[in-house]
Peer 1: 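Just dropping this structure here.
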Amino acid sequence: MNYWLVKQEPTVYSWDNFYKDKSTEWTGVRNFQARNNLRAMAKGDEVLFYHSNVGKEVVGVAQVSKEAHPDPTANEGDWICVTLTPKTKLKNPVTLVQFKDDPVLKLTPLIKQSRLSVMPLTEPQFRRVLKLAASSRE
DNA sequence: GCCAACGTTGGC
DNA sequence: GCCAACGTTGGC
């Protein structure tokens, strides 16, 4: 089992859109490193859903329901997408500030490589996010 | 709205 | 193969 984090601008496609859709093709990735991460996803892997620009917080957990297949929105080039399905909405979203303040989470690519849109997380990092999401932030 | 970081493109 | 120019992402 591997763990991942994907970014999306909520003004383009928010967690609520995703949740209503029940499932979505994660298309449009046009960065080699992000693509390689998509390709490494296995069915059942858990994926954190992060809202970039607006919110700047992890809002939910998704699951890979279909592994890498050709991205239908790509006219040329070797681009792929995966299918994601919403799993759970976080009780308390975990913000970028919380990532920066946390000794475990500040080592994630979200902080160290801020422009990458699909990134791997270690199991401790993933668990840390869920833990922060479960505890309230006064 | 600005700008830093970073990826891509194209001239040489 | 280098590097300047340019475009994009995303935080502030």
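Just the heavy atoms: all of them, side chains too, but no hydrogens, waters or symmetry mates, feed the values below. A note on names: the letters A, B, ... follow the listed sequences, proteins ahead of strands, and every chain is numbered from 1.
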Peer 1: Verify the distance criterion only: is there a donor paired with an acceptor across the side chains of A:D16 and A:S14 at less than 3.5 Å?
Peer 2: no
Peer 1: To the nearest Å, how far apart are A:I111 CD1 and B:dA4 C1'?
Peer 2: 15 Å
Peer 1: Quickly work out the A:F32 CZ to B:dT8 P distance and round it to whole Å.
Peer 2: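 It is 6 Å, rounded to the nearest whole Å.
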Peer 1: Between B:dG7, C:dG10, C:dC12, which nucleotide has the shortest distance from any of its atoms to the side chain of A:K7?
Peer 2: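 The nucleotide sitting nearest to the side chain is C:dG10.
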Peer 1: Side chain of A:R115 only, please: which of C:dT8, C:dG10, C:dC12 is the nearest?
Peer 2: C:dT8
Peer 1: If I take atom CG in residue A:N31 and atom P in nucleotide B:dT9, what distance separates them, rounded to the nearest angstrom?
Peer 2: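 Rounded to the whole Å, the gap is 12 Å.
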Peer 1: Could you state the CD-P distance from A:E57 to C:dC12, rounded to the nearest angstrom?
Peer 2: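 Atom CD in A:E57 sits about 13 Å away from atom P in C:dC12.
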Peer 1: Considering only side-chain heavy atoms of A:Y50, which listed nucleotide, C:dG10, C:dT8, C:dG11, is closest?
Peer 2: C:dG11
Peer 1: Round to the nearest Å and state the distance from A:K56 atom NZ to C:dT9 atom P.
Peer 2: 17 Å
Peer 1: Are the charged groups of A:D71 and A:R35 less than 4.0 angstrom apart, N to O?
Peer 2: no
Peer 1: Using only side-chain N and O atoms of A:K100, determine if any of them is under 4.0 Å from OP1 or OP2 of C:dC12.
Peer 2: yes
Peer 1: Would you say that A:L5 contacts A:V58 through its side chain, given a criterion of any heavy-atom pair below 4.5 Å between the two side chains?
Peer 2: yes
Peer 1: Expressed as a whole number of angstroms, how long is the span from A:R35:CZ to B:dT8:C1'?
Peer 2: 15 Å
Peer 1: Do A:D78 and A:R39 sit within salt-bridge range, that is, some charged N less than 4.0 Å from a carboxylate O?
Peer 2: yes
